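Here the structure is a predicted model, which is why all the values come from computation and not from measurement. Atoms considered below: every heavy atom in the structure, side chains included; atoms not considered: hydrogens, waters and symmetry mates. When a residue number appears, it is its place in the shown sequence, counting from 1.
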Amino acid sequence: MTLHHSPAGSTEQTSDARQALAHARIQSFIEAYRHEGYRIADIDPLGTLSVPEIPALLPQHHDLKDEDLALGQHRFLEGLGLTNVKELTHFLSRLYCGPLGLDASGVRDESRRQWLFARLAARDPGADPATAERAAILARLAAAEQWEHYLQQDYPHAKRFSLEGCEALLVLMDALAERSSFYQLEQLFLAMPHRGRLNLLVNLMQMPAADIVAYFDATSTTAAAAGAVDLPYHLGAETVRATAHGQLGLFMAHNPSHLESAYPVLLGMVRGYRSAHPQSPMPASVVIHGDAAFCGQGVVMESLKLSLHPGYSVGGTVHVIVNNQIGFTTPNPLDPLNHGYCTDIARIVGAPVLHVNADQPEAVLRAARIAFDYRMQFGADVVIDLVGYRRWGHAEQDTATVTQPLLHGFIDKHPPVTQLYAQAGWPGSDDGATLLAVSSQQVLASFRNSRPSAPAAQRRAPALAVKPDAPDLLRLRQFVERMTRLPEGFAAHPAVTRLMAQWQDCVSASDHACSWNFAENMAYASLLWKGQGLRISGMDVQRGTFMQRHAVWHAIDAAQGVQQAFWPLRQVAAPGTALEVVNSPLSEEAVVGFEYGFSVQAGPGAMVIWEAQFGDFVNGAQIMIDQFIASGRGKWGYPSALTVLLPHGYEGVGPEHSTGYLSRMLLLCAQENMRVAYPSSSAQWFHLLRQQALQGDRPLVVFTPKSVLHGEVRSQSPLSALLQGDFQPLVEDADAPPPAQVQRVVLCSGKVCYDLADGRRKAGDTRTVLLTVEQLHPFPEDRLGAVLRSYPQLEEVIWVQEEERKQGAWLCVRDAIEAALPLQVRLRAVTRPDTDAGPTASKARHYAQQAALVQSVFPA
């Protein structure tokens, strides 16, 4: 018989293997709680959620036994004194499944996940607050609660969108403000929908209660009540708040009823503020959402993705979901059984989610600290899901029990967070109840004794301190020389080489025709030269949809095999002048909202432009046009001079790519709230852009041409027209017959003026004058009247538009034209007939229609 001897050290190897296996089991068990624990976390104040069975959270799933803890020597267990699996399970459950649950399943970066897990496992410096701190928390909860009680008692019929059920939002916002100040940030920008807005306006933004209740009091004669344009739960505010670390500016953006539309606007405001204050750190941004709106509104997804783009990044946003577990009147399910959360949309940007029980204020504070520190550590978005309930219906007058009797049965029996915290913070004592009573009485008295604030002056954009002079020929030649001086080894594309030659030709003589490309680039160059900032964004704006801009030139470095970029305009910009030409993601609503917000905060130091790829693309941003751009000044005093460029013109390319919906824009015009222009020549384009940059104090919507950019020579002005003059709202006829023989005046706008000029020439007409209206709002009524009165034999004025009757300007300018008419002069319109689909997609039909349009004015 052969004896087998074990090799030396085999016992030690077996021990090492057992230890490694035990370590692996412990690690697997811990990882399961880290990644899945939030699904059974105690985050529902009402306790109505079904808790799923998750096998991975059971020790037997990992074959984990008590002896593994003794063998494992796992670093996680050091100092915990845990001796068996039951104790470890209890510890992990308290850590990962308590009132604060971490969902890092959408975080793609491993280092970020580990930071989050470590932070959740670490003892929070704010844990176990002292008695004074607990009293302060209770006082803030009482302030939130008593504001709602005050309005309910004194103004029971007021619609206020109560915060009751999520009062901890105030504590959460206090903590985010304190954390902003801790990091020495100067400003915190905040956007939110209507729920809880009145509460935060008073308790966070320090707005006097009297300013709010004036909206509800039919007898009030305060300035706030008399001048009310928008609803109180849409109002914004600005304040300076004292924190433990110094002063902090707080800015809450106004918001219309479109719940999430303020989100991209706020992002733009943050970046615009940074542009206007380049020496300051990037402000913090906090956006509050409703549970149903966060996952249901498309602008949220657009804005989330926008935040990852370098041209729109704000260094991360803290998102707070005020989660009532219900949308409008129907449930918005919080469904851990099916791994369904309203926050799941945040996965598209890899944002972590901190689910927290709104009835646990200390857990809410911890969530705020972790979230803000994550934003500062990684410059990325993070979500706090504040899970509460809604004690009333969607509005206080709704009878929520009609649609949700079971849920509201639980809510009616559930004590408010103030009572719960008064008991939990001072166990076995009446001290908490006493503090709550005193705090409630004090804050209620302060609301009732509030006095209205002095009327705030409307925010207006200050005028530029220095207005750059118009460039002369020598200056334009210097611009061209610098802008066409390529870096060594830069092999320009043939199209760029031709462009450079055209620019050089343009400045060779004052009578040389200038392209639209040249005019636009020279307008920008003249502004940048004097320190006027410029930001252009939109799809393909660097190149231009119609290859008309060429703001950035590209070449391949043959030696390095990399693509180079050359920015001609940077060669002429004054040192430190901001220049951004940003190709946007495929988004309209979020991008337009962002640029609007940017323009509000950046002020007159920067010209801000958004260009639609085609004019009809503005459809995707109609909310921003209606609720912000056209009405923001009138409702909120927001000083925006945003420029919107809408390529427009009927060319036989179908309904979508023909129109920027001119009539729709004009219907939004009133009280000179914005300018609407339709330039017909490169000189007009040059002067319009400069005028807006230097003098614009309101939005400008420009209907820009397409086909004439390259093909219509008559639209290319001589260089001398750029060097002198200014933008003309009404362009008079250079080929007009003598005034005494004029019997007709044809008014038009846009490229149809060239077709009409051809028609007049072919018809041999010597009695008609062509006038081009280049600014449709404000309409040049006085100037038009003066011109019309200069023709003593005038019998008829004809408005001609290539658009259909209801799609062009006619219905919106008719009254102004009639007011300018001399007595006994007739007015009529020549348009395409209205159709349901819009412009034709047939080239042949388009040209036939255009010819018929002209012939009806100038018969052959």
So OH of Tyr678 and SG of Cys748: to nearest 0.5 Å the spacing works out to 9.5 Å

Quiz prompt | Between Arg690 and Ser526, a side-chain donor and acceptor under 3.5 Å | solution = yes

The residue among Val752, Val769, Leu756 that forms side-chain contact (heavy atoms from CB on, under 4.5 Å) with Val746 is Leu756

For Val270 and Pro283, the nearest pair of non-hydrogen atoms, with its separation, is CG1-O, 3.6 Å

Here the pair of heavy atoms bringing Phe703 nearest to Pro679 is O-CD, 3.7 Å

Quiz item: Quick one: are Val731 and Val773 in side-chain contact, heavy atoms under 4.5 Å?
Solution: no

Before you tell me yes or no, could you show the steps for Trp553 and Leu499 under side chain to side chain contact (heavy atoms under 4.5 Å, CB included), namely the whole-Å CA-CA distance, both residues' side-chain angles and the distance that decides it to 0.1 Å?
CA-CA 11 Å; Trp553 302 347; Leu499 181 70; 4.0 Å; yes

**Message:** I'd like to know if the side chain of Ser717 and the backbone of Ala683 have a donor-acceptor N/O pair within less than 3.5 Å.
**Reply:** yes

**Study point:** Donor-acceptor contact below 3.5 Å, side chain Arg675 vs main chain Gln775
**Key:** no

*asked:* Looking at Ala641, is its backbone amide N or carbonyl O close enough to the side chain of Gln692 to form a donor-acceptor pair, meaning the two atoms are under 3.5 Å apart?
replied: yes

- Verdict with reasoning, Arg783 to Gln728, per side chain to side chain donor-acceptor pair (under 3.5 Å): CA-CA 10 Å; Arg783 180 58 192 160; Gln728 298 300 313; over 6 Å; no

dist Ser682:OG -> Met522:CE (nearest 0.5 Å) comes out at 12.0 Å

Any side-chain heavy atom of Asn583 within less than 4.5 Å of one from Met539?
no

*Atom CG of Leu586 with >12 non-hydrogen neighbours under 6.0 angstrom*: no

Sorted by chain and residue number, the salt bridge (charged side-chain N to carboxylate O under 4.0 Å, His left out) partners of Glu186 (sequence neighbours excluded) come out as none

Residues pairing under salt bridge (Lys or Arg N to Asp or Glu O under 4.0 Å) where one sits in residues 572-582, two or more places apart or in two chains, turn out to be Arg271-Glu580, Arg535-Glu580

Original post:
Are Phe628 and Trp636 close enough that their ring centres sit under 6.0 Å apart?
Top reply: yes

| request: Say whether, by atom type as modelled, one donor and one acceptor occur between the side chain of Arg543 and the main chain of Ala551 under 3.5 angstrom. | output: no

What one should report as the nearest heavy-atom pair of Ser680 and Gly750 is CB-O, 4.4 Å

Glu803 meets the side chain to side chain donor-acceptor pair (under 3.5 Å) criterion, sequence neighbours left out, with His648

Side chains of Phe779 and Val676: closer than 4.5 Å at any heavy-atom pair? no

For the side chain of Gln187 and the backbone of Ala284, is there at least one donor-acceptor N/O pair under 3.5 Å apart?
no

Got a sec: does the CD of Gln247 have more than 12 other heavy atoms crowding it under 6.0 Å?
-> yes

Review point. Would Leu569 and Met483 satisfy side chain to side chain contact (heavy atoms under 4.5 Å, CB included), going step by step from the backbone distance to the final call?
Key: CA-CA 6 Å; Leu569 289 169; Met483 293 169 69; 3.6 Å; yes

Hits for ring pair (Phe, Tyr, Trp, His ring centres under 6.0 Å) against His309, two or more places apart or cross-chain, chain-then-number order -> Tyr312

Point to revise | Any side-chain heavy-atom pair of Leu776 and Val813 under 4.5 Å | key: yes

With sequence neighbours left out, the residues meeting salt bridge (charged side-chain N to carboxylate O under 4.0 Å, His left out) with Glu774 are none

Check: Taking the six-membered ring for Trp, are Phe479 and Phe518 ring centroids under 6.0 Å apart?
Finding: no

For Ala630 and Leu668 the tightest heavy-atom approach is CB-CB, 4.0 Å

Practice item. Flag the pair Lys706 / Lys751 as yes when at least one side-chain heavy-atom distance between them is below 4.5 Å, and no otherwise. Key: no

Using side-chain heavy atoms (C-beta onward) and a distance below 4.5 Å, is Ile536 in contact with Tyr524? yes

*asked:* If we ignore hydrogens and angles and just use 3.5 Å, is the side chain of Lys635 paired with the main-chain N or O of Gln627 as donor and acceptor?
replied: yes

Margin query: In the structure I gave you, are the side-chain heavy atoms of His254 and Tyr638 within less than 4.5 Å of one another anywhere?
Written below: yes

Tyr596 and Gly632 have their tightest heavy-atom pair at OH-CA, 3.7 Å

Separation between SG (Cys514) and CD (Glu520), nearest 0.5 Å, reads 14.0 Å

Going through the checks in order, is the side chain to side chain contact (heavy atoms under 4.5 Å, CB included) test met by Ile625 and Tyr661? CA-CA 12 Å; Ile625 301 294; Tyr661 298 102; over 6 Å; no

Rounding to 0.5 Å, atoms CE (Met269) and CG (Leu190) come to a distance of 11.5 Å

### Query
Can you tell me if Gln716 and Ser515 form a side-chain donor-acceptor pair at under 3.5 Å?
no

From the list Leu267, Val286, Leu266, side-chain contact (heavy atoms from CB on, under 4.5 Å) with Thr317 holds only for Leu267

Exercise. Would you say Ile629 and Ser640 make side-chain contact, with heavy atoms under 4.5 Å?
Worked result: no

*Arg375 side chain to Gly316 main-chain N or O, any donor-acceptor pair under 3.5 Å?*
yes

Note to self: Taking Trp567's backbone N and O only, do any of them form a donor-acceptor pair with Gln571's side chain (distance below 3.5 Å, no angle check)?
What the structure shows: yes

When rounded to the nearest 0.5 Å, the distance separating OG1 of Thr643 from CE of Met607 is 4.0 Å

Give the C-alpha distance, both sets of side-chain angles, the deciding distance and a yes or no for salt bridge (Lys or Arg N to Asp or Glu O under 4.0 Å) between Asp472 and Arg477. CA-CA 9 Å; Asp472 56 21; Arg477 285 173 174 168; over 6 Å; no

- Query: So, the side chain of Glu802 versus the backbone of Tyr650: is there a donor-acceptor pair under 3.5 Å, distance only?
  - Reply: yes

Is Asp733 reaching over with its side chain to a backbone N or O of Leu771, donor-acceptor style, under 3.5 angstrom? no

CG of Leu248 to OH of Tyr183, rounded to nearest 0.5 Å, is 14.5 Å

Looking only at heavy atoms, the pair that brings Leu719 and Cys506 closest together is CD2-O, 3.2 Å

* side chain to side chain contact (heavy atoms under 4.5 Å, CB included) between Val592 and Val644, intermediate numbers included -> CA-CA 9 Å; Val592 172; Val644 176; 5.6 Å; no

Quick note, side chain to side chain donor-acceptor pair (under 3.5 Å) partners involving residues 486-503, not counting sequence neighbours, are Trp503-Asn517

